[in-house]
Number of protein chains: 2
Amino acid sequence: MLFTTKTEYGLKAMTALAQSKDKKPLSLASIAKDYHISQPYLERLFAKLKADGLVESSKGSNGGYVLTRPANKINIFEVIEALEGPLAVFYCMASDGKPACTTSNCLTKKVWHELQKNIMVTLRRFKLSDLI
Amino acid sequence: MLFTTKTEYGLKAMTALAQSKDKKPLSLASIAKDYHISQPYLERLFAKLKADGLVESSKGSNGGYVLTRPANKINIFEVIEALEGPLAVFYCMASDGKPACTTSNCLTKKVWHELQKNIMVTLRRFKLSDLI
DNA sequence: TTAATACCTACTAAATTACTAGGTTATTAA
DNA sequence: TTAATAACCTAGTAATTTAGTAGGTATTAA
C-alpha cells in the first residue's frame, strides 16, 4: 500500500475546508464528527498541514481551519508530502536524514529515481479541486 | 515508503540468478551469504517468486533456483507484485478480498486509479536486465 | 467570564515487517 | 547406500509503524 489513512483523512478534511461556505473556518470537532475520524488524530495531521503552510488556524469560538490557497492551486502531492513525509519508493531513496545507498553508479537507483519522478509528476497534476 | 525490503532483497537475488554462469542454479544459502540477507526470510520470498512462476527450483546437491525467462523478459512489476502483493495506492483501491470503497461515482478513486495505472506502466517498462 | 477552539504530551492498541529457530523432504555425489 | 546439500515447511519473536486514546493547557470570540 502506497499511502495510509493519514493521506486519506487529510485529503478528506481538506476537501471539507474547500467546500466551506464563504471560507468560514471549520473546526476539527465538526470534521471529525462528519467524517468519523478520531479528533486527536486529525489534530496531529493538521499540525503537519499547518507547518507546511497549506492551512491557517484561528482559535476561540467560531475558530477553526481554512485553506491558505484556492483548492485549484493546491496539488495532491503537497498534501501527501506534508502528511506522509518525503516520498521515497525505497529506503535507499530517502532524502531525509536516513543513511542513503552508497553504491556508486547504482543502476537500480536510476530506475527508482525515474519511478519516483513519475509519481511526483502525476500527483502534482491533480489539484485538491479535482477531488470535489 | 512505497516498497519494502521484500522487493529490495527479491530484486537483488533475482539479479544474482540473472548473472549466474551458464544458468547454473544458485542456492539461497550462497545468495543469503553474498548479500547479507537472512536465509529463512529469503526462502519465504522465493516461495512467492516460485508461486508466480518467475523462478524454478531444484533440490539436492548443486540444486538451487534459476530464472524461468531471460532477464530482459522479466519486468520489475511482476517481481514486485509477487513479493508485495497486488499494488494498491490505497486501502479503497485493493483488488483482493478487502472491503472496497462504496462511494458511487467517487472522484478521489479516479485520481488514484490514474496514479496506480501510471505506476504500473512505469514499472512494467523496466526489466530485470536493466538492473544489471 | 465563559465557551469554543486550537494546541500539546504521553500513553496504548493494532498491524505489518523483519527476523529466528528448528525442523522435514527430495536429490545428488561419493 | 550413505552423507551432504538444498528446497521446503511451521511456529514463533522483535522491531517498527500506524492508528487511536486520554487528559490536559493556551488563546480567542461572544
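Chain letters run A, B, ... following the sequence lines, proteins first and then strands; every chain starts at 1. No experiment lies behind these values; they were computed from the predicted model shown.
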Can you tell me the distance, in whole Å, between the [atom1] atom of [X] and the [atom2] atom of [N]?
{"X": "A:L42", "N": "C:dC7", "atom1": "CG", "atom2": "P", "answer": "12 Å"}
{"X": "B:K50", "N": "D:dA6", "atom1": "NZ", "atom2": "P", "answer": "16 Å"}
{"X": "A:Q39", "N": "C:dA4", "atom1": "CD", "atom2": "C1'", "answer": "11 Å"}
{"X": "B:L45", "N": "D:dA7", "atom1": "CG", "atom2": "P", "answer": "13 Å"}
{"X": "A:Y41", "N": "D:dT21", "atom1": "OH", "atom2": "P", "answer": "11 Å"}
{"X": "B:K48", "N": "D:dC8", "atom1": "NZ", "atom2": "P", "answer": "15 Å"}
{"X": "B:L83", "N": "C:dA18", "atom1": "CG", "atom2": "P", "answer": "11 Å"}

Describe the nucleic acid contact of A:Y65 in one word from base, sugar-phosphate, nothing, applying a heavy-atom distance below 4.0 Å. sugar-phosphate

Under the ring-ring contact (aromatic ring centres under 6.0 Å, His included) definition, can you give me all pairs with a residue in residues 45-67 of chain A, not counting sequence neighbours? A:F46-A:Y65

Test side-chain contact (heavy atoms from CB on, under 4.5 Å) applied to A:A29 - qualifying residues, sequence neighbours left out: A:S27, A:Q39

Can you list the residues that meet the side-chain contact (heavy atoms from CB on, under 4.5 Å) rule with B:S38, with sequence neighbours excluded? B:P40, B:Y41

What are the two closest heavy atoms between B:V66 and B:P25, and how far apart are they? CG1-CA, 3.6 Å

A:T68 and A:G53: which non-hydrogen atoms are nearest, and at how many Å? OG1-O, 2.8 Å

Donor-acceptor contacts under 3.5 Å from residues 10-18 of chain A side chains, at least two apart:
{"residue": "A:T15", "atom": "OG1", "partner": "A:L11", "partner atom": "O", "Å": "3.4"}
{"residue": "A:T15", "atom": "OG1", "partner": "A:K12", "partner atom": "O", "Å": "2.6"}

Applying salt bridge (charged side-chain N to carboxylate O under 4.0 Å, His left out), which residue pairs with at least one partner in residues 17-39 of chain A are found, sequence neighbours left out? none

Output every pair passing salt bridge (charged side-chain N to carboxylate O under 4.0 Å, His left out) with a member in residues 46-68 of chain B, not counting sequence neighbours, ordered by first then second residue. none

Listed once per pair and sorted, the side-chain hydrogen bond (donor to acceptor under 3.5 Å, both in side chains) pairs that draw on residues 69-90 of chain B, sequence neighbours left out: B:T4-B:E84, B:T7-B:E84, B:R69-B:E78

Sorted by first residue and then second, give each side-chain hydrogen bond (donor to acceptor under 3.5 Å, both in side chains) pair with at least one member in residues 122-132 of chain B; sequence neighbours left out. A:E114-B:R125, A:N118-B:T122

Taking only residues two or more places apart in sequence or in another chain, which ones pass ring pair (Phe, Tyr, Trp, His ring centres under 6.0 Å) with A:F3? B:F90

Can you list, by residue number, the residues of residues 2-21 of chain A that have a non-hydrogen atom closer than 4.0 angstrom to DNA chain D? A:T4, A:T5, A:K6, A:Y9

I'd like to compare against my own output: the B/S/- annotation of nucleotides 21-30 of chain C with a strict under-4.0 Å heavy-atom distance to protein. ----BSBSS-

Among residues 22-38 of chain B, which ones have heavy-atom contacts with DNA chain C below 4.0 Å? B:S38

